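The structure appears right after this line, and notes come after that.
Indexing begins at 1, ligand by ligand and atom by atom, following the structure's order. Worth saying up front: this structure is predicted, and the values here are computed from it rather than measured.
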Amino acid sequence: MKVAISSDHGGNNLRKEITNLLTELDIEYIDYGPDADTSVDYPDYAVPVANDVVAGKVDRGILICGTGIGMSISANKVKGIRCALVHDVFSAKATRGHNDSNILAMGERVIGPGLAREIVSTWLETEFEGGRHERRINKMMELEKN
Ligand code: RB5
């Protein structure tokens, strides 16, 4: 398992928390920053992670901003991405099992680090269930062709 991660200035602290978690879990990651707390534009940081996921350079992506919303909208503009904005453990499990989400977005201003760690751990370890969910995902991905 290899992960790409980035944030904007609103997600910097939580990104550091999550990279610490990835290290603890012995999961390899690419961290696209930003290095400083200066204001940046979230699409600029969402795209490198999304591109790495689509290219197969990494297995999954994690994006963090203040709310997670800007990051998730940006990532979902990239063809092949299924980015889920998640702030609870139930949804973290469900979006892997049912949507085969390949990017997780979270908001640092929405949840605390403890819950975010549980969400990430759950999301990383949950397998896609396939079956009827496969058909629905295929229909979703067809929408990109229109
Ligand atoms: C930055 O202030 C904030 O707008 C951003 O982090 C994010 O919440 C946008 O969706």
Side-chain angles (χ1 to χ4, degrees), residues 1-128 133 136-146:
M1 167 77 74
K2 191 168 175 182
V3 170
I5 186 168
S6 72
S7 69
D8 72 354
H9 52 286
N12 249 340
N13 296 321
L14 185 55
R15 176 170 51 85
K16 284 166 195 160
E17 183 77 36
I18 299 305
T19 54
N20 287 341
L21 172 66
L22 295 173
T23 301
E24 288 164 28
L25 295 173
D26 206 20
I27 292 174
E28 200 183 342
Y29 64 86
I30 303 169
D31 185 354
Y32 282 105
D35 294 328
D37 283 330
T38 44
S39 182
V40 296
D41 299 335
Y42 50 79
D44 297 338
Y45 286 83
V47 168
V49 169
N51 284 344
D52 276 6
V53 171
V54 172
K57 190 170 165 190
V58 297
D59 304 293
R60 309 267 191 87
I62 298 174
L63 296 171
I64 303 165
C65 61
T67 60
I69 297 170
M71 281 295 205
S72 60
I73 294 173
S74 301
N76 279 316
K77 300 283 182 198
V78 177
K79 284 190 164 71
I81 292 303
R82 291 179 301 282
C83 176
L85 174 59
V86 172
H87 291 124
D88 66 276
V89 175
F90 175 84
S91 300
K93 194 173 168 66
T95 190
R96 281 291 311 131
H98 295 189
N99 314 124
D100 197 17
S101 53
N102 47 18
I103 295 186
L104 171 70
M106 296 182 295
E108 180 184 315
R109 297 172 187 160
V110 182
I111 52 171
L115 177 54
R117 278 174 159 260
E118 279 195 49
I119 288 168
V120 170
S121 300
T122 302
W123 185 75
L124 289 174
E125 73 192 17
T126 304
E127 297 290 338
F128 176 50
H133 302 297
R136 292 161 188 168
I137 286 171
N138 289 341
K139 287 187 179 182
M140 259 200 299
M141 302 323 279
E142 277 294 311
L143 296 172
E144 289 185 344
K145 296 180 183 162
N146 298 332

Practice task
Calculate, to the nearest 0.5 Å, the distance between atoms OG and CG belonging to Ser101 and Asn76 respectively.
Solution key: 10.0 Å
Would you mind writing out a table of all protein N or O atoms found under 3.5 Å from any N or O atom of ligand 1, naming both atoms and giving the distance to 0.1 Å?
residue: ligand 1; atom: 2 (O); partner: Arg109; partner atom: NH1; Å: 3.4
residue: ligand 1; atom: 6 (O); partner: Asp8; partner atom: OD1; Å: 3.3
residue: ligand 1; atom: 6 (O); partner: Asp8; partner atom: OD2; Å: 2.6
residue: ligand 1; atom: 6 (O); partner: Gly66; partner atom: N; Å: 2.7
residue: ligand 1; atom: 8 (O); partner: Gly66; partner atom: N; Å: 3.4
residue: ligand 1; atom: 8 (O); partner: Thr67; partner atom: N; Å: 2.9
residue: ligand 1; atom: 8 (O); partner: Thr67; partner atom: OG1; Å: 3.0
residue: ligand 1; atom: 10 (O); partner: Thr67; partner atom: OG1; Å: 3.1
residue: ligand 1; atom: 10 (O); partner: Gly70; partner atom: N; Å: 2.8

Handout entry: Candidates Ile103, Val53, Asn102, Thr95 - the one meeting side-chain contact (heavy atoms from CB on, under 4.5 Å) with Arg82
Key = Asn102
Handout entry: Val40 backbone acceptor or donor facing His9 side chain under 3.5 Å
Key = yes
Fill in the blank from the handout: Glu144 meets the salt bridge (Lys or Arg N to Asp or Glu O under 4.0 Å) criterion, sequence neighbours left out, with none
Problem - Check: Ser7/Arg15 side-chain N/O donor and acceptor closer than 3.5 Å - result: yes
Handout entry: Polar side-chain atom of Glu108 near backbone of Ile64 as donor-acceptor pair, under 3.5 Å
Key = no
